[in-house]
2 protein chains.
Amino acid sequence: MTKPQLDRGAGRPSRRERVREATLVEIKEIARRHLVEQGAAGVSLRAIAREMGMTAPGLYRYVSGIDSLLVLITADMFGELAAAVAAADASVPSEDTDLRILTSLRAFRSWAVTHRAEFATMFGPRVRLAPGTDVTPALEAGRRFGATFYTLFDRLLSEERFPLPDGARITPELARELRAFADTCGFSAPHIPVEAVMVLSTCWVRLYGVVCMEVFEHMNFVMRDMEPLFESELQNILTGLGVRYQAP
Amino acid sequence: MTKPQLDRGAGRPSRRERVREATLVEIKEIARRHLVEQGAAGVSLRAIAREMGMTAPGLYRYVSGIDSLLVLITADMFGELAAAVAAADASVPSEDTDLRILTSLRAFRSWAVTHRAEFATMFGPRVRLAPGTDVTPALEAGRRFGATFYTLFDRLLSEERFPLPDGARITPELARELRAFADTCGFSAPHIPVEAVMVLSTCWVRLYGVVCMEVFEHMNFVMRDMEPLFESELQNILTGLGVRYQAP
DNA sequence: CGCTTTAGTGAACGCCGTTAGCAAACACCG
DNA sequence: CGGTGTTTGCTAACGGCGTTCACTAAAGCG
């Protein structure tokens with residue numbers, strides 16, 4: 001019987017760190033399942049602990065409270081959403097920018113409607129978290145998610161697919177905000193024109209609008225299936241961008 | 001000293017009914033304040049009762065539980081929003097359809113950003129309510145709110161301000177959903193074309209998108225002031241509808 | 001005056017988040 | 001191996017929550 005060697009020379013995680021990481025993952029998995037099955041209000045440290053065969057205070061060795069746990073899984077979910085979109089994007093030929101965009105946007109909606117509870121906590125109002133909670137991990141993950149689309153848009157931009165709107169119609173205040181947007185997002189292009197950021201914002205707002213409306217079930221009593229409306233909006237948006245649309 | 005006559009002949013509310021109604025109003029007022037000050041998670045029967053100088057079980061004489069109380073105040077809030085929009089609409093000359101629309105839409109956003117907590121519970125995901133809760137009162141109120149805009153849109157339509165989109169580009173599925181929309185909403189026009197409903201939906205989606213994004217603070221770390229973007233979107237939308245836009 | 005309906009209370013149950021103190025398990029060092 | 005400090009998870013406890021039930025006191029009404 002050979003005893004396991006403790007060769008964690010180059011920052012290799014020790015056994016303790018590994019099992020610790022594993023239980024943290026388990027905590028997050030259970031929390032996530034409760035979120036999906038019972039909504040954000042149904043996630044509780046006590047219930048998680050119960051299911052793990054331990055008690056609630058024990059969880060505080062892994063998580064500093066329910067709020068920070070929610071922030072943690074929110075960040076994870078942004079990662080998953082980004083991965084889902086990236087996977088869809090990679091599933092089509094990389095030269096076909098049009099199809100890549102179409103596919104990516106559809107993937108966004110698909111993920112949203114198949115992960116309603118997740119989407120609600122990611123993109124809905126912060127209703128569960130106490131005000132003043134540190135949400136930077138989630139924000140960071142959200143930023144990384146956004147980058148997925150920025151690169152695609154960047155490519156579209158460099159291919160000069162669509163005419164930029166008249167810069168004169170952009171008020172100084174709007175220009176300032178758009179510039180702040182571009183700077184914070186870290187566009188790859190060093191000097192992207194505000195007009196382009198404007199177009200991107202508009203498109204994103206429209207997309208966000210349809211998907212939120214569908215996931216939050218706001219037209220539920222008036223429209224059974226929202227996919228046709230999404231496809232229609234998608235077509236409008238893409239056409240405006242000079243991108244080829246094709247029915248699903 | 002004349003004793004109060006009990007002349008509640010024609011369904012006039014008795015004294016008991018009046019005071020009962022008054023305490024219900026008080027309950028809703030306090031709940032509302034707690035909602036504003038501490039978010040949806042901060043509304044609790046016990047806290048309300050404490051503030052009223054009574055105990056939580058007593059509230060069950062007026063409200064069948066916390067969920068139904070939330071539904072009640074949600075319905076009230078839809079009423080207030082509709083009233084705010086209607087007031088703004090009535091504050092400009094009634095012949096000037098363009099200005100009426102512009103003013104009404106701005107009023108919608110204004111109300112939303114000055115009543116963030118309310119807007120979040122009205123238009124955000126149902127996160128607090130247990131699944132299966134009866135939300136029909138809120139839905140009804142929401143429907144009435146929508147009617148505010150339908151009439152304005154109807155007027156726009158009859159003035160033939162904008163060209164209807166090509167009906168051939170509306171898929172059968174979308175047409176079905178749009179027709180359901182038109183039917184359920186009870187448009188005044190008996191036979192409104194699906195193309196028109198299509199335009200209305202698109203506009204509403206875009207409006208909903210900007211406002212949600214602003215209220216839910218989703219671009220907070222990237223854009224300080226969202227009003228310029230809203231105004232820009234508003235201009236786009238109205239221009240597309242053939243409605244005169246003017247800066248605020 | 002009595003009788004009925006209503007408003008409100010207190011106690012209790014079972015949930016929740018969170019803190020503090022404590023005991024066992026573990027990793028490590030001489 | 002034994003000793004030592006760290007990590008882990010426990011129990012107990014506090015206060016808050018929604019909700020139910022049995023009960024009292026008041027109000028209304030004849």
Side-chain angles (χ1 to χ4, degrees), chain A residues 3-9 12-27 30-31 34-35 38-73 127-133, chain B residues 3-9 12-27 30-31 34-35 38-73 127-133:
Chain A
K3 263 182 137 182
Q5 288 289 98
L6 298 184
D7 60 335
R8 55 188 160 105
R12 190 84 85 278
S14 72
R15 162 174 173 74
R16 234 186 185 145
E17 286 165 333
R18 271 183 293 122
V19 49
R20 181 183 173 77
E21 195 55 35
T23 53
L24 178 58
V25 167
E26 186 185 358
I27 292 173
I30 300 181
H34 289 183
L35 172 70
Q38 319 178 23
V43 181
S44 83
L45 290 181
R46 288 194 125 108
I48 296 171
R50 211 179 300 133
E51 189 167 328
M52 294 177 64
M54 55 186 285
T55 60
L59 297 184
Y60 279 76
R61 300 283 176 196
Y62 300 89
V63 159
S64 63
I66 183 69
D67 283 10
S68 86
L69 173 58
L70 288 174
V71 172
L72 273 187
I73 66 177
V127 117
R128 174 85 200 263
L129 269 47
T133 311
Chain B
K3 264 180 137 184
Q5 289 289 99
L6 298 185
D7 59 337
R8 57 193 160 103
R12 190 82 85 277
S14 72
R15 159 170 176 77
R16 235 188 182 141
E17 287 164 333
R18 272 184 291 122
V19 50
R20 181 183 173 77
E21 195 55 35
T23 53
L24 178 58
V25 167
E26 186 184 358
I27 291 172
I30 299 181
H34 289 183
L35 172 71
Q38 318 178 23
V43 180
S44 83
L45 290 181
R46 287 193 124 108
I48 295 171
R50 210 178 301 133
E51 190 167 326
M52 294 177 65
M54 57 186 282
T55 61
L59 296 185
Y60 280 75
R61 299 283 176 195
Y62 300 90
V63 160
S64 65
I66 184 69
D67 283 10
S68 86
L69 173 58
L70 288 174
V71 172
L72 273 187
I73 66 177
V127 115
R128 174 83 198 265
L129 268 47
T133 311

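Worth saying up front: this structure is predicted, and the values here are computed from it rather than measured. A, B, ... follow the sequence lines: proteins, then strands. Residue 1 opens every chain. Heavy atoms only: backbone and side chains are in, while hydrogens, waters and symmetry mates are out.
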Quick one: label A:Gly42 by what it contacts on the DNA or RNA (base, sugar-phosphate, nothing), any heavy atom closer than 4.0 Å. nothing
Between B:Pro57 and B:Val19, which is nearer to the 5' end of DNA chain D once each is assigned its nearest nucleotide? B:Pro57
For A:Ala40 and A:Arg128, which heavy atoms make the closest approach, and how far apart are they? O-NH1, 2.8 Å
Considering all heavy atoms of both residues, which atom of A:Ala49 and which atom of A:Ala56 are nearest to each other, and what is their separation? CB-N, 3.5 Å
How long is the straight-line distance from CG of B:Leu45 back to CG of B:Leu59, given to the nearest 0.5 Å? 5.5 Å
Could you please name the option among C:dT18, D:dC17, C:dT9 that lies closest to any side-chain atom of B:Met54? C:dT9
Side-chain heavy atoms of A:Leu69 within contact of A:Ile48, under 4.5 Å: yes
Are OP1 or OP2 of D:dT19 and a side-chain N or O of B:Tyr60 less than 4.0 angstrom apart? yes
Note: A:Met52 and A:Ile27 closest approach over all heavy atoms is SD-CG1, 3.6 Å
Examine D:dT7: is either OP1 or OP2 under 4.0 Å from a nitrogen or oxygen in the side chain of A:Tyr62? Give yes or no. no
Upstream residue (5' side of DNA chain D) when A:Thr55 and B:Ile66 are each assigned their closest nucleotide: A:Thr55
State which of C:dT18, C:dT5, D:dT6 makes the closest approach to the side chain of A:Arg16. D:dT6
Reckon B:Ala56 touches a base, only the sugar-phosphate, or nothing at all at heavy-atom distances under 4.0 Å? base
Rounded distance (Å) that lies between atom C1' of D:dT6 and atom CZ of A:Arg61: 10 Å
To the nearest Å, give me how far apart CE (A:Met52) and C1' (D:dC10) are. 14 Å
When the distance from CD of B:Glu17 to C1' of D:dG28 is rounded to whole Å, what number comes out? 12 Å
Nearest-angstrom distance from the residue atom CG of A:Leu59 to P of C:dT18: 11 Å
Rounded to whole angstroms, how far apart are CZ on B:Arg46 and C1' on C:dC15? 11 Å
Measure the distance from CZ on A:Arg50 to C1' on D:dG9 and round it to the nearest whole Å. 17 Å
Of the listed nucleotides D:dT19, C:dT18, C:dC16, the one nearest the side chain of A:Ala47: C:dC16
Whole angstrom value for the distance that separates C1' of D:dT8 from CZ of A:Arg18: 17 Å
Between C:dA7, C:dT18, D:dT8, which nucleotide gets closest to the side-chain atoms of A:Leu45? C:dT18
If you look at every strand shown and take non-hydrogen atoms under 4.0 Å, does B:Arg20 touch a base, only sugar-phosphate, or nothing? sugar-phosphate
Atom CD1 of A:Ile48 and atom C1' of D:dG9 are separated, to the nearest Å, by 16 Å
